[in-house]
Amino acid sequence: MHDFSQWLQSAGGMDWTPILITGILLTLAIAVTCESVTAIFAALACACSLAGLPSHTLKSEIEQVWGLQEVSSECDLPDHDLPTKNMKCYVTNGKGHKELVEIRVAKDGTKLGLYDTDGKALKTTGKE
């Protein structure tokens with residue numbers, strides 16, 4: 001089981017996406033209205049900032065902790081919380097093999113573990 005209590009605290013942080021999208025739209029409106037090249041560059045800067053924002057979803061955190069290439073999009077994980085019950089999902093491991101795992105939630109609600117179909121715990125990579 002891996003402790004997600006620190007991730008849970010940081011996952012509640014501010015999402016800058018709506019602010020940056022609004023900035024892009026406003027600067028483009030100014031650029032069109034004023035025919036300003038500077039405003040176009042400001043819109044491009046906002047777009048580049050938006051593209052560079054890290055994704056701190058639970059799926060991305062699980063992929064990093066267990067060294068996975070992907071957690072299936074069919075897996076119905078919440079973005080910024082831990083699931084409330086155990087679930088089965090397909091993941092693509094670091095070698096590119098797709099496998100069925102069970103995501104188990106600890107009773108305290110702050111830890112998750114990934115287990116193969118034989119009930120053996122998957123090892124974490126040590127990267128957090």
Side-chain angles (χ1 to χ4, degrees):
M1 290 262 171
H2 180 79
D3 186 1
F4 279 82
S5 55
Q6 285 184 328
W7 177 83
L8 285 167
Q9 291 174 358
S10 67
M14 185 170 179
D15 183 11
W16 288 93
T17 305
I19 294 169
L20 289 172
I21 290 173
T22 303
I24 291 168
L25 294 175
L26 285 174
T27 52
L28 285 175
I30 292 169
V32 169
T33 304
C34 301
E35 297 178 7
S36 170
V37 175
T38 306
I40 292 173
F41 284 123
L44 287 172
C46 285
C48 290
S49 297
L50 182 61
L53 287 177
S55 174
H56 294 292
T57 64
L58 181 56
K59 284 183 184 182
S60 66
E61 191 69 13
I62 288 173
E63 290 167 0
Q64 183 175 353
V65 169
W66 277 276
L68 304 171
Q69 288 181 10
E70 180 183 31
V71 174
S72 172
S73 59
E74 297 170 0
C75 187
D76 192 25
L77 289 171
D79 284 337
H80 302 291
D81 292 313
L82 296 185
T84 56
K85 61 183 180 181
N86 297 345
M87 59 179 47
K88 293 189 179 186
C89 292
Y90 281 98
V91 299
T92 305
N93 65 23
K95 297 177 183 175
H97 298 115
K98 192 172 186 178
E99 59 184 302
L100 181 65
V101 298
E102 182 178 13
I103 299 174
R104 296 182 190 168
V105 185
K107 291 181 183 182
D108 69 0
T110 62
K111 296 181 183 108
L112 286 182
L114 268 61
Y115 296 83
D116 65 16
T117 54
D118 295 329
K120 182 180 175 188
L122 272 63
K123 294 183 180 180
T124 60
T125 61
K127 297 178 185 174
E128 296 179 34

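Between the side chain of D116 and the backbone N or O of V101, no donor-acceptor pair lies under 3.5 Å.
Side-chain contact between L122 and N93 is absent, with no heavy atoms from C-beta onward closer than 4.5 Å. You'll find the side chain of T110 stays beyond 4.5 Å of the side chain of F4, heavy atoms only. Inter-residue side-chain proximity for E70 and K98 is flagged as unmet; no heavy-atom pair is nearer than 4.5 Å. Counting heavy atoms from C-beta on, the side chains of K88 and Y115 never come closer than 4.5 Å. Side-chain contact check for L112 versus L58: some heavy-atom pair is nearer than 4.5 Å. Considering only heavy atoms from C-beta on, E99 comes within 4.5 Å of V91 through its side chain.
Rounding to the nearest 0.5 Å places CG of L77 at 11.0 Å from OG of S73. Separation of atoms CG (L68) and OG1 (T124) is listed at 11.0 Å; rounding is to 0.5 Å.
K95 and Q69 get closest at one heavy-atom pair: C-NE2, 4.2 Å. Here the shortest heavy-atom pairing between D81 and P78 reads O-CG, 3.2 Å. Closest approach of H2 and W66 over heavy atoms only: CB-CH2, 3.8 Å. G109 and V105 make their closest contact through CA-CG1, 4.4 Å (heavy atoms, listed as atom of the first residue, atom of the second, distance). Annotation for M1 and R104: closest pair CE-O, 3.8 Å, computed over non-hydrogen atoms.
The 12-atom threshold is exceeded at CG of D108, counting heavy atoms of other residues, nucleotides or ligands nearer than 6.0 Å.
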